[in-house]
Protein chains: 2
Amino acid sequence: MQEEIVEGLRKLGLTEYEAKAYATLVGMGEATAREVHELCGVPRTRIYDILRDLGSKGFVEFVQGSPTYYRAVEPDRVMERLRDELVACIDRSTSELLSLNLEAHGSSPVWCVRSEWGIKNRIRDFLSKVEQELIVFCRSPDLLTEHRAELKKVVGLQIKVDRKEKFEDSGFEVLEMREGSERFFKDSIIDGSRNSIDALMIADGRSSIVIGTMSGEKLAIIIKLPVIAMLQKAVWESMV
Amino acid sequence: MQEEIVEGLRKLGLTEYEAKAYATLVGMGEATAREVHELCGVPRTRIYDILRDLGSKGFVEFVQGSPTYYRAVEPDRVMERLRDELVACIDRSTSELLSLNLEAHGSSPVWCVRSEWGIKNRIRDFLSKVEQELIVFCRSPDLLTEHRAELKKVVGLQIKVDRKEKFEDSGFEVLEMREGSERFFKDSIIDGSRNSIDALMIADGRSSIVIGTMSGEKLAIIIKLPVIAMLQKAVWESMV
DNA sequence: TTGCATTGTAACTCAATTCGTTACAACAAA
DNA sequence: TTTGTTGTAACGAATTGAGTTACAATGCAA
């Protein structure tokens, strides 16, 4: 029994038993409840209701008899329907949400983002709004390669790094920080939790974004106060 | 609080509280935890972990403070990501399942289908395989309108119905059954459960499909035995 | 027919998740 | 000091799915 298939089907709304039974049945073509049970490990006394549920959900067909025979509906068809249903649901939700979404976005000048995806999303957004000048500090080339396309579009791009060697293959021109500047960025303990900064970007001297780990959680902080951006820029310039 | 939005978001993997909080936050733009709680009805003492979860899932951003402020990530972006993830999952599952699917399909000549969608799927399949002749009996025009496109493609199409009036607007030419023939199809009680037949189709005198309700459940039976199809055809012809 | 294994149903326990509530610590304002 | 707000932690109830037990019904072989 392939663990991945079961995992995939569970994400799409089946239970573990349903996923196992369906995947097994796809592989067997035609089978009795007992045969499915023996191959997929679902308890025999439960396989009957599971197969019945799968029937009601349109995943399997059957011939009544003694024993009753079952077979899977063609997986491409089933999956196609599933996709149509989910996409329809997403489209509906999107338009419903957008119709609620009256308020303009971004009155507060400081925002934090916690999720991995959310951070990427914000960085994309941030980079797309750079007009003239972008200053980047980072300690690993990951950020650069991850957002290569957006970064290449920026005209006034300056990148400073802690050690140049790490960035040789990145395809970007980088400057190395002055000796001693790393104290601004090295890991620090605040209130007993370890914080480390992975990257800092300043756009047009107006807004900035700090990406790092605080108390073990990845976090990005977006600051749109020119004052702060200017301060950060001053620190920055002292570093070369 | 719109019930539909919450329902939609739940289908997409959020819990009730998460869905309510997110939808509310989309409508509010920027708000404190308390404000979200007051508008969406999630208990105040729970709103904090809910918003934190939403943060980790990439649905909301926040500014720490007293009070902490929250706002929803743009719904179109969030939904787009969700769609990409689900579609990727479906595509992966489809190819994994198809790689298991060695067995040819359809050695047993009789199959039952329980789900609404499964029935439609089988009818489509059934109609697509008609070569010369298709005989249809039905008692409501729904089936005809539902599969209008496929039916129009069939050359040797004959439709018989119980009462012609019902089918005037269907766009199909129909014949009316002889008086007394309805006894073959009228609701009957077998083993204490009420069975009724909505439709019967016979393709090329080879295979047939019966659609009806048995013990309160919609059910289709596909039979690929020429004998049975012939018998059904004989009954059929006696009806005009 | 009797005995026995298989088929199928129904109910239960257990564990995880989510809902909804309670208690309380930290803090700020009056 | 009192009061109210913010935020955390934990608990009990309800629901769901996983895994088990008991048993009736069916078919089969001696």
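Here is how names work: the chains are called A, B, and so on, in the same order as the sequence lines, proteins then strands, and each is numbered from 1.
- Phosphate contact (OP1/OP2 of D:dT6, side-chain N/O of B:Arg44, threshold under 4.0 Å): absent.
- Closest to the B:Pro67 side chain, of the nucleotides C:dC19, D:dG7, D:dA18, is D:dG7.
- The two residues B:Cys89 and A:Lys11 come nearest to each other via the heavy atoms SG-CB, 3.9 Å.
- The shortest heavy-atom contact between B:Arg71 and B:Gly29 is CB-O, 2.9 Å.
- Minimum atom distance to the side chain of A:Pro43 is reached by D:dG19, of the listed D:dG19, C:dC19, C:dG8.
- Here A:Glu16 pairs with A:Lys20 in a salt bridge; the nearest charged N to carboxylate O distance falls below 4.0 Å.
- Between the OH atom of B:Tyr69 and the P atom of D:dT5 there is a distance of 14 Å, rounded to whole Å.
- Nucleotides of DNA chain D nearest to A:Tyr17 and B:Tyr70 differ in position, and the one nearer the 5' end is that of B:Tyr70.
- Neither OP1 nor OP2 of C:dC19 sits under 4.0 Å from any side-chain N or O of B:Arg46.
- Separating the CD atom of B:Glu16 from the C1' atom of C:dG20 is a distance of 10 Å, rounded to the nearest angstrom.
- Taking the side chain of B:Ala33 as heavy atoms from C-beta on, and the options C:dG8, D:dG7, C:dT7, the nearest nucleotide is D:dG7.
- Rounded to whole angstrom, the span from the CD atom of A:Glu35 across to the P atom of C:dG8 amounts to 11 Å.
- Whole-Å rounding puts the B:His37 NE2 to D:dG4 P distance at 16 Å.
- In terms of phosphate contacts, A:Thr45 brings no side-chain nitrogen or oxygen within less than 4.0 Å of OP1 or OP2 of D:dT20.
- The interatomic distance linking A:Leu14 (CG) with D:dT16 (P) rounds to 17 Å, in whole Å.
- Dashed line: the shortest gap from a side-chain N or O of A:Tyr48 to OP1 or OP2 of C:dA10 is not under 4.0 Å.
- Side-chain N/O atoms of A:Thr32 include none lying less than 4.0 angstrom from OP1 or OP2 on C:dT7.
- Listed here is the closest heavy atom pair of A:Leu97 and B:Pro75: CB-CB, 3.8 Å.
- Here the P atom of nucleotide C:dT18 and the CD1 atom of B:Ile50 are 9 Å apart, to the nearest Å.
- Ion pairing of A:Arg81 with B:Glu116 is absent here, as no side-chain N (NZ or NE/NH1/NH2) approaches a carboxylate O to less than 4.0 Å.
- Counting to the nearest Å, the C1' atom of D:dT20 and the CD1 atom of A:Ile47 are 15 Å from each other.
- In this structure, CZ of B:Phe62 is placed 12 Å from P of D:dG7, rounded to the nearest angstrom.
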